[in-house]
A.B. asks: 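Before anything else, here's the structure in question.
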Amino acid sequence: MRTPEDPEDEGRAPLSPMEGNARAEAPSPAATSGILEPATPEPASLAFPLRREAVNLSQVMSRASEAWSSDIGTWVLAMFLCLIIGVGVPFFFGALLTLLSSGDPSSPSGALFSGLGAGVQILQAIIQGILFMGVFAMAIHTLHGGPAQVGKLFSQAQKIWKYLIQSFLVSVPLLLLAAVVAGIAYAVSGIDLDSPMDLVVEQMAPTVSIATLVATPFVIYALLGVAFGVPELVFNDDAGPLQALRGSWRIARGKRWLMMGVLSIAWLIAFGSTMLCGVGALFGFPFALLVTAALYLGLRNGADDVPEARTSSTLDRPTAACS
């Protein structure tokens, strides 16, 4: 409000209280002209919407289907690269070594080629581990609203040692269990080391079948408990091999029936798609991985005793919205 001493008010009558209030509350010229000042855009949320207490098959399939259909071409390209790099390249070098090592295996050259063959097998395991974790990183990034990025396939290379140790920790108990079952079957069957192989199989088969039938529920229970070990390793950059397995066990607590149903359906779709001359695997396997990742994220979001994740390698940020 202008005071009577302002130069512009010289010769004018003083404003009444009502006129002063009206002038003070009048809209600005920019507002009356219809020109709006641009609002500061809010950052897009990368929080995963599903939570542990409300996760079900329909929601998981819907989220996975949405992420899969948003960029099918990129997912097919990613699967094609996984097949070429993870299977094709090691197969080529293995076949080449087989052709070159046609001599006596006991000779120095034969021993050299045997060592090279073992090196190719180790290299294949490393490459496949990097790509397997990379596909999960790609799926987690896409499920959080980000675009499908083929570059994510190689984002987990620095964690390969964690992956190999974790694979060892999971496989050793299974191998020990198989050895115990075989030992029990051998002791019960009454055969000896000189028995022909067909007799060994015939005598041990009943015991092995019964032991397998008894052990299967316990094995399935344990495998479901560690099923999210690799996704946890990928999602949480701070997790070590054993810590990721503990996190997976806590996430699976009380949700094993749901996990068994969802994962069974997803991977039946994946392996069923390979019946289409193998080409269907390029479509089915990424969908199964997205379903697995969506189920993992949904069950992790709200799980007890699961640490907050640092997700620089997957979501390109230090802390995840899913704690």
A.B. asks: Look only at the side chain of T212 and the backbone of V208, and say whether a donor-acceptor pair between them is shorter than 3.5 Å.
C.D. replies: yes
A.B. asks: For the residue pair A185 and M204, what are the closest heavy atoms and their distance?
C.D. replies: CB-CE, 3.7 Å
A.B. asks: What pairs of residues pass the side chain to side chain donor-acceptor pair (under 3.5 Å) test when at least one of them lies in residues 238-248, not counting sequence neighbours?
C.D. replies: D238-R310
A.B. asks: Is there side-chain contact between T207 and V181, with at least one heavy-atom pair below 4.5 Å?
C.D. replies: no
A.B. asks: Could you state the interatomic distance from CG (L77) to CE (M79), rounded to the nearest 0.5 Å?
C.D. replies: 9.5 Å
A.B. asks: Identify the two heavy atoms, one from L177 and one from A215, that lie closest to each other, and give their separation to 0.1 Å.
C.D. replies: CD2-CB, 4.5 Å
A.B. asks: Keeping the roles fixed (side chain from H141, backbone from A137), state whether a donor-acceptor pair exists under 3.5 Å.
C.D. replies: no
A.B. asks: What residues form a ring-ring contact (aromatic ring centres under 6.0 Å, His included) with F154, not counting sequence neighbours?
C.D. replies: none
A.B. asks: Using the rule that two of Ile, Leu, Val, Met, Phe, Trp, Tyr join whenever any of their side-chain heavy atoms come within less than 4.5 Å, decide whether V76 and L290 are in one cluster.
C.D. replies: yes
A.B. asks: Less than 4.5 Å apart, any side-chain heavy atom of R63 and any of F48?
C.D. replies: yes
A.B. asks: Side chain to side chain donor-acceptor pair (under 3.5 Å): which pairs involve residues 67-89, sequence neighbours left out?
C.D. replies: D71-T74
A.B. asks: With hydrophobic residues grouped by side-chain heavy-atom distances under 4.5 Å, do L245 and V219 end up in a single group?
C.D. replies: no
A.B. asks: What's the spacing between I84 CD1 and F92 CZ if we round to 0.5 Å?
C.D. replies: 12.5 Å
A.B. asks: Is L131 reachable from L233 through a run of hydrophobic residues whose side-chain heavy atoms are each under 4.5 Å from the next?
C.D. replies: yes
A.B. asks: If you group Ile, Leu, Val, Met, Phe, Trp and Tyr by side-chain heavy-atom gaps below 4.5 Å, do W257 and V55 land in one group?
C.D. replies: yes
A.B. asks: Atom OG1 in T314, atom CG in L143: separation rounded to 0.5 Å?
C.D. replies: 11.0 Å
A.B. asks: Evaluate side chain to side chain contact (heavy atoms under 4.5 Å, CB included) for K162 paired with L242, printing each intermediate quantity in order.
C.D. replies: CA-CA 9 Å; K162 297 181 181 181; L242 188 58; over 6 Å; no
A.B. asks: Under the rule for side chain to side chain contact (heavy atoms under 4.5 Å, CB included), what residues qualify as partners of I265, not counting sequence neighbours?
C.D. replies: L57, M61, I269
A.B. asks: Restricting to side chain to side chain contact (heavy atoms under 4.5 Å, CB included), what partner residues turn up for Q59, sequence neighbours left out?
C.D. replies: L50, N56
A.B. asks: Measuring only between side-chain heavy atoms, which start at C-beta, is N301 closer than 4.5 Å to R52?
C.D. replies: no
A.B. asks: Please say yes or no: joined through hydrophobic side-chain contacts below 4.5 Å, possibly via intermediate residues, are I72 and L153 part of one cluster?
C.D. replies: yes
A.B. asks: Report the distance from atom CZ of F287 to atom OG of S65, rounding to the nearest 0.5 Å.
C.D. replies: 5.5 Å
A.B. asks: Among residues two or more places apart or on two chains, list those pairs meeting salt bridge (charged side-chain N to carboxylate O under 4.0 Å, His left out) that have a residue in residues 123-149.
C.D. replies: none
A.B. asks: So do the side chains of L123 and V89 get within less than 4.5 Å of each other, counting heavy atoms only?
C.D. replies: no
A.B. asks: Search all heavy atoms of T142 against all heavy atoms of P147 and return the closest pair with its distance.
C.D. replies: OG1-O, 4.1 Å
A.B. asks: Who are the side chain to side chain donor-acceptor pair (under 3.5 Å) partners of Y296, not counting sequence neighbours?
C.D. replies: E232, R300
A.B. asks: Identify the heavy atoms of G225 and A252 that sit nearest to each other, and give their distance.
C.D. replies: CA-CB, 4.0 Å
A.B. asks: Under the side chain to side chain donor-acceptor pair (under 3.5 Å) rule, what pairs show up with a residue in residues 263-272, not counting sequence neighbours?
C.D. replies: W267-T292
A.B. asks: To the nearest 0.5 Å, what is the distance between CE (M259) and CG (L223)?
C.D. replies: 10.0 Å
A.B. asks: If we only count heavy atoms from C-beta on, is the V135 to P286 side-chain gap below 4.5 Å?
C.D. replies: no
A.B. asks: Report yes if some heavy atom in the side chain of Q128 is under 4.5 Å from a heavy atom in the side chain of V87; otherwise report no.
C.D. replies: yes
A.B. asks: Please give me the minimum heavy-atom distance between F228 and L299, naming the atom from each residue.
C.D. replies: CE1-CD1, 4.0 Å
A.B. asks: Show your working on side chain to side chain contact (heavy atoms under 4.5 Å, CB included) between R256 and I220 and close with a plain yes or no.
C.D. replies: CA-CA 9 Å; R256 281 177 170 82; I220 292 176; over 6 Å; no
A.B. asks: Considering residues at least two apart in sequence or located in another chain, which fulfil the side chain to side chain donor-acceptor pair (under 3.5 Å) criterion with K159?
C.D. replies: Q156, D237, S313
A.B. asks: If you look only at distance, which donor and acceptor atoms sit under 3.5 Å apart when one is on a side chain in residues 164-176 and the other is two or more places apart or in another chain?
C.D. replies:
unit_1, atom_1, unit_2, atom_2, d
Q166, OE1, V230, N, 3.3
Q166, NE2, G229, O, 3.3
Q166, NE2, P241, O, 3.4
S167, OG, Y163, O, 2.9
S171, OG, S167, O, 2.9
S171, OG, F168, O, 3.3

A.B. asks: With sequence neighbours left out, what residues match R51 under salt bridge (Lys or Arg N to Asp or Glu O under 4.0 Å)?
C.D. replies: E53
A.B. asks: Which residue pairs pass the salt bridge (charged side-chain N to carboxylate O under 4.0 Å, His left out) test with at least one member in residues 137-155, sequence neighbours excluded?
C.D. replies: K152-D316
A.B. asks: For the rings on F132 and F136, is their centre-to-centre separation under 6.0 Å?
C.D. replies: yes
A.B. asks: Give, for atom CD1 of I160 and atom CD1 of I127, the distance between the pair rounded to the nearest 0.5 Å.
C.D. replies: 9.5 Å
